[in-house]
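Report on the following structure.
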Amino acid sequence: MTTNGEQITIDDQGKPVVPANPAVPFIEGDGTGPDIWRATRIAIDAAVTAAYGAERRIAWLEIYAGEKSFNMDGQWLPDETLEKIKTYKVAIKGPLTTPVGKGIRSINVGLRQELDLYACVRPVKYISGIPSPVVRPMDVDMIVFRENTEDVYAGLEWEAESDTAKKFIALVAAEEGRDIRPDSGIGLKPISRTGTRRLVKMAIDYALEHGKESVTLVHKGNIMKFTEGAFRKWGYELAAEYGDKLITEDRLWEEFDGQAPEGKVVVKDRIADAMFQQILLRPAEYEVLAMPNLNGDYMSDALAAMVGGLGMAPGANIGAGYALFEATHGTAPKYADLDKVNPGSLILSGAMMLDYMGWLEAADILRNSLVVTISQKTVTYDLARQMEGATEVKCSEFAQAMVKNMP
């Protein structure tokens with residue numbers, strides 16, 4: 001498909017240079033994806049117009065992955081789709097399905113690995129009026145930086161009793177003297193210094209740029225000492241390179257009686273299982289979280305549940321030169337083509353995309369209109385059934401209500 005838009009480029013500092021009429025590829029997604037994409041596009045376009053009039057607009061370019069792509073040419077993730085994202089630098093997508101247990105690699109994981117989108121960035125902040133299972137959801141305002149290419153998501157696993165699994169079992173027995181049951185499936189969990197450092201750097205840079213008070217490394221290093229324990233070690237090593245800009249939690253208590261000096265970001269760490277308690281019991285004490293892949297998957301979903309569920313949780317996959325923004329929930333195929341589901345996750349991801357592009361005014365308008373619309377209790381079914389006095393609207397109607405609430 002052709003487009004009249006111009007290409008976004010990346011400067012020497014890794015920042016996007018965005019023309020007034022950028023071409024932005026989109027993947028509708030599977031299941032409810034087309035419904036929420038249509039609503040999101042309406043809302044994003046309206047926010048850009050409200051912010052800049054006719055001076056700026058996005059030229060949307062459809063690209064293909066998932067079921068729509070497979071039905072077209074038998075490919076779940078075509079090379080052309082990857083090349084388009086590489087060409088245009090910034091893209092957005094709806095949810096994509098991967099058949100479970102059928103030998104097909106997750107398309108989401110494939111996109112992240114092929115484009116080296118090493119950071120999954122998921123801000124989680126409570127929006128007033130949304131039902132929550134916790135007492136003080138208003139204390140939740142965190143952003144998760146999840147390593148996106150390593151850990152168990154690297155896809156290095158072998159079926160039980162396969163030749164490769166047998167070789168690993170024999171190797172461990174010979175080299176370590178430890179027995180693994182012969183009917184075991186085998187998986188590898190790589191966590192590298194390179195992958196850790198670039199992820200933690202993005203988290204620390206974000207904290208410094210946005211005036212956050214702390215960065216927390218979340219790991220299971222008490223058990224997995226040479227993978228997640230190394231994540232903690234390498235994270236602190238990187239933090240030390242920032243000099244006086246950062247202070248460790250140990251120094252905070254040893255030298256400053258727990259009171260951080262003005263302008264310094266505190267770097268601390270928590271064991272993953274304990275951190276689950278912390279986000280529930282003491283969420284106000286945490287702002288920026290950096291963690292390996294699997295921990296980040298669990299933790300970000302748990303945080304989303306605290307503020308109303310994945311329907312209100314945005315996400316981005318960001319690497320060195322490319323960024324892919326996405327709905328964080330699944331495809332919900334039983335609601336496909338019913339114009340029913342909540343488009344909030346993809347709309348908020350669109351706001352993140354506008355932030356990344358430097359179109360901050362449009363991003364603010366998009367977020368504010370969503371907040372106002374929810375405060376008016378004009379919501380889709382998932383929220384309406386939990387809110388007293390709510391007006392239930394369709395997915396597309398929610399977007400139109402948001403447009404009416406834009407300046």
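Remember, it's a predicted structure, so these values are computed and weren't measured experimentally.
The side-chain contact (heavy atoms from CB on, under 4.5 Å) check on I42 picks up A399, Q400, V403, with sequence neighbours excluded. D269 meets the side-chain contact (heavy atoms from CB on, under 4.5 Å) test with L217, H219, R232, Y236; sequence neighbours excluded. Residues passing the side-chain contact (heavy atoms from CB on, under 4.5 Å) test with K394 are D339, S396, E397, sequence neighbours excluded.
Geometrically, K340 engages Y381 in a cation-pi contact, judged by NZ or CZ lying under 6.0 Å from the ring centre and within 45° of the ring axis. Figure legend: K268 and Y286 shown as a cation-pi pair, the cationic atom lying under 6.0 angstrom from the six-membered ring centre and within 45 degrees of its axis. For the pair R122 and F145, the cation-pi criterion (under 6.0 Å, within 45° of the ring axis) is not fulfilled.
Other residues, nucleotides and ligands contribute more than 12 heavy atoms inside 6.0 Å of the OH atom of Y52. Within 6.0 Å of atom OH in Y298, 12 or fewer heavy atoms from other residues, nucleotides or ligands are found, so the atom counts as exposed in its surroundings.
Ion pairing between a basic and an acidic side chain is recognised when a charged N comes within 4.0 Å of a carboxylate O; E228 and K189 show such pairing. Between R112 and E326, at least one side-chain N (NZ, or NE/NH1/NH2) sits under 4.0 Å from a carboxylate O, which counts as a salt bridge.
Under the 3.5 Å distance criterion, the side-chain polar atoms of S132 are left unmatched by any main-chain donor or acceptor of G308.
Between W359 and I58 the shortest side-chain heavy-atom distance falls below 4.5 Å. The shortest side-chain heavy-atom distance between L324 and I92 does not fall under the 4.5 Å cut-off. Within the 4.5 Å cutoff, the side chain of E287 has no heavy atoms near those of the M142 side chain.
For Q113 against T149, the heavy-atom pair with the smallest separation is NE2-O, 3.8 Å.
Checking each of I279, V124, D139 against M306 for a side chain to side chain contact (heavy atoms under 4.5 Å, CB included) leaves exactly one that passes, namely I279.
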